[in-house]
> 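After the C-alpha cells below, expect a handful of questions from me.
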Amino acid sequence: YLKGKEFDVQLLSVHQNGEYDFLQPVVKEKEAHDVMDEYFSLLLEALENFPTANVLSHFDYGIRLFDVSVEDLQDYQEVLKAVLQKVIDNKMAFELNTRSMYQYGNVALYEQMISWYLALGGSSFSLGSDAHSIDYYGFYFGETMTLLEKYNISKVTIFEQQKLFIGNASHEIQTPLAVCQNRLEMLLMDDESLGESQMGEIIKTYQTLVYVSKLNKSLLLLSKIDNS
C-alpha cells in the first residue's frame with residue numbers, strides 16, 4: 001500500500017494484534033509476561049515486513065498498561081536486541097517517545113533500550129511526543145535532549161523536508177510570539193482599567209503564549225542541534 005507513495009517520514013509502530021488494541025481494558029486482564037511475549041514478537045515481525053519505515057515509534061506501546069521494571073524488560077533482552085538490530089539494519093531511527101517516558105513513567109525502560117541500542121552500534125535517534133492534542137506538542141523535549149547528552153549523544157534525526165520547515169518556521173514564529181507577550185504584559189501593568197474577568201482572560205492568554213513560545217524554542221533547539 002505504501003509503495004510508490006511520497007512521505008516526509010514513515011513511522012512504524014504496533015498498536016494492536018488483530019483482535020484488540022494494546023491500550024484497551026481487556027489487556028489489563030491478561031498476565032503482563034503473556035502480553036510482552038506477544039507484543040515484542042509482533043514488533044519484530046513488523047520490522048521485518050516494513051523495511052521502508054524511517055522510525056520505530058514508541059517501542060513500549062503494548063506494555064503501557066503494566067508496571068514494567070527494567071528487570072522485567074531485561075528478561076526480554078534477546079528479542080528486544082533483535083528489534084534494535086533490525087532498526088539498525090533497516091537504517092531507521094529509534095524514537096524516544098516523550099509521552100511514554102514522562103506520562104507513563106517509562107524513562108528507565110528507554111534508558112535501558114538506549115544502552116542496548118548504542119552497544120549494538122545504533123546512533124540514530126528521533127523524538128516524538130505522541131501529540132494528539134496541542135498540550136503534548138513538544139512534550140518534555142528539553143528534558144529528553146538532556147538525557148541523551150548523558151550518553152554523549154548531541155544529535156537527533158530530523159527528516160529533510162521537516163527539518164527545513166521546522167528551522168525556518170520556528171524562527172519566523174518566535175518574533176510575533178515575543179511581541180504578543182510584551183503587549184499582554186503592558187496590558188497587565190495597566191490593571192486599573194481592566195475588570196476582574198478581563199484580567200483573568202488576559203492572564204490565561206499570556207500563559208498560553210508562554211507555553212507555545214517554550215515549545216517553539218524546543219523546536220529551534222532541535223533544528224540547531226541537527227545542523228551543528
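Every heavy atom of this structure was used, including side-chain atoms; hydrogens, water molecules and symmetry mates were not.
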> Examine distances only and state if a side-chain atom of Asp21 and a backbone atom of Gln16 form a donor-acceptor pair shorter than 3.5 Å.
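A pair under 3.5 Å: no.
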
> Check Gly121 against Ile88 and note the closest heavy-atom contact, atom names and distance.
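That would be C-CD1, 4.0 Å.
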
> Which residues satisfy the ring-ring contact (aromatic ring centres under 6.0 Å, His included) test with Tyr76, sequence neighbours excluded?
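In terms of ring-ring contact (aromatic ring centres under 6.0 Å, His included), with neighbours along the sequence ignored, Tyr76 is linked to Phe40.
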
> Side-chain contact test, heavy atoms from C-beta onward, threshold under 4.5 Å: evaluate it for Asn152 versus Leu118 and give yes or no.
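They are not in side-chain contact.
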
> Would you please name every residue forming a side-chain hydrogen bond (donor to acceptor under 3.5 Å, both in side chains) with Asn97, sequence neighbours left out?
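Here the qualifying residues are Arg64, Glu95, Ser100.
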
> Mind running side chain to side chain contact (heavy atoms under 4.5 Å, CB included) on Gln10 and Phe50 for me, showing each step along the way?
CA-CA 10 Å; Gln10 292 182 34; Phe50 293 94; over 6 Å; no

> Could you tell me whether Tyr140 atom OH has more than 12 heavy atoms of other residues or ligands within 6.0 Å of it?
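Counting other residues, nucleotides and ligands, OH of Tyr140 stays at 12 neighbours or fewer.
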
> Please report the closest heavy-atom contact between Leu127 and Thr144, naming both atoms and the distance.
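In this case the closest contact between Leu127 and Thr144 is CD2-CG2, 3.6 Å.
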
> Given Tyr39, which partner from the list Phe22, Tyr20, Phe66 fulfils the ring pair (Phe, Tyr, Trp, His ring centres under 6.0 Å) test?
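The single option meeting the ring pair (Phe, Tyr, Trp, His ring centres under 6.0 Å) with Tyr39 is Phe22.
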
> To the closest 0.5 Å, what do you measure between OG (Ser129) and NE2 (His58)?
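Rounded to the nearest 0.5 Å, the OG-NE2 separation comes to 11.0 Å.
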
> Is it the case that more than 12 heavy atoms not belonging to Asp67 sit under 6.0 Å from its CG atom?
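No, because the 6.0 Å sphere around CG of Asp67 holds 12 heavy atoms or fewer from other groups.
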
> What are the two closest non-hydrogen atoms of Asp72 and Met36, and how far apart are they?
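In terms of heavy atoms, the two residues are closest at O-CE, 4.1 Å.
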
> Taking the side chain as every heavy atom from C-beta outward, state whether Val87 and Leu120 have any pair of such atoms under 4.5 Å apart.
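With C-beta onward as the side chain, the pair stays apart.
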
> Does Ile203 have any side-chain contact (heavy atoms from CB on, under 4.5 Å) partners at least two apart in sequence or in another chain, and if so, which?
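If we apply the side-chain contact (heavy atoms from CB on, under 4.5 Å) test to Ile203, skipping adjacent residues, the hits are Leu188, Met199, Gln207.
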
> Would a distance-only check, ignoring hydrogens and angles, find a side-chain to backbone donor-acceptor pair under 3.5 Å from Asn90 to Ala53?
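Side chain of Asn90 to backbone of Ala53: no pair is present.
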
> So which heavy atom on Met92 is nearest to which on Tyr117, and how close?
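Scanning both residues, the minimum pair turns out to be O-OH, 3.7 Å.
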
> Rounded at 0.5 Å granularity, tell me how far OG1 in Thr205 sits from CG in Leu184.
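Interatomic distance, Thr205 OG1 to Leu184 CG, rounded to 0.5 Å: 6.5 Å.
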
> What residues form a side-chain hydrogen bond (donor to acceptor under 3.5 Å, both in side chains) with Asp75, not counting sequence neighbours?
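For Asp75 there are no side-chain hydrogen bond (donor to acceptor under 3.5 Å, both in side chains) partners, ignoring immediate neighbours.
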
> Could you grab the distance from atom CG of Leu96 to atom CD1 of Ile153, nearest 0.5 Å is fine?
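Going from CG on Leu96 over to CD1 on Ile153, the span is 7.5 Å.
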
> In Å and rounded to the nearest 0.5 Å, what is the CG to CE distance from Leu56 to Met113?
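Atom-to-atom, Leu56:CG and Met113:CE are 7.5 Å apart.
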
> Any chance you could lay out the side chain to side chain contact (heavy atoms under 4.5 Å, CB included) test for Gln112 and Trp116, step after step, and finish with the verdict?
CA-CA 6 Å; Gln112 177 63 83; Trp116 285 337; 3.0 Å; yes

> Could you tell me the separation between the NE2 atom of His15 and the OG atom of Ser57, rounded to the nearest 0.5 Å?
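Between atom NE2 of His15 and atom OG of Ser57 there are 7.5 Å.
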
> With sequence neighbours excluded, tell me which residues meet ring-ring contact (aromatic ring centres under 6.0 Å, His included) with Tyr110.
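Per chain and number, Tyr110 pairs via ring-ring contact (aromatic ring centres under 6.0 Å, His included) with Phe59.
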
> Going through the checks in order, is the side chain to side chain contact (heavy atoms under 4.5 Å, CB included) test met by Met101 and Leu147?
CA-CA 11 Å; Met101 295 169 72; Leu147 184 148; 4.1 Å; yes

> Could you name each residue pair satisfying side chain to side chain donor-acceptor pair (under 3.5 Å) that touches residues 22-35, not counting sequence neighbours?
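Listed by first then second residue: nothing to list.
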
> Indicate the atoms forming the closest heavy-atom contact of Val14 with Ala46, along with that distance.
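Residues Val14 and Ala46, closest heavy atoms: CG2-CB, 3.8 Å.
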
> Please lay out, stage by stage, how Leu148 and Ile114 fare under the test side chain to side chain contact (heavy atoms under 4.5 Å, CB included).
CA-CA 9 Å; Leu148 281 174; Ile114 290 170; 4.3 Å; yes

> Judged by atom type as modelled, is there a donor-acceptor pair below 3.5 Å linking the side chain of Thr98 to the main-chain atoms of Phe139?
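Answer holds: yes.
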
> Starting at CG of Leu42, measure out to CG of Asp37 and round the result to the nearest 0.5 Å.
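If I round to the nearest 0.5 Å, the distance is 11.0 Å.
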
> What are the two closest heavy atoms between Tyr151 and Ser115, and how far apart are they?
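Scanning both residues completely, I find the closest heavy atoms to be CE2-OG, 3.7 Å.
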
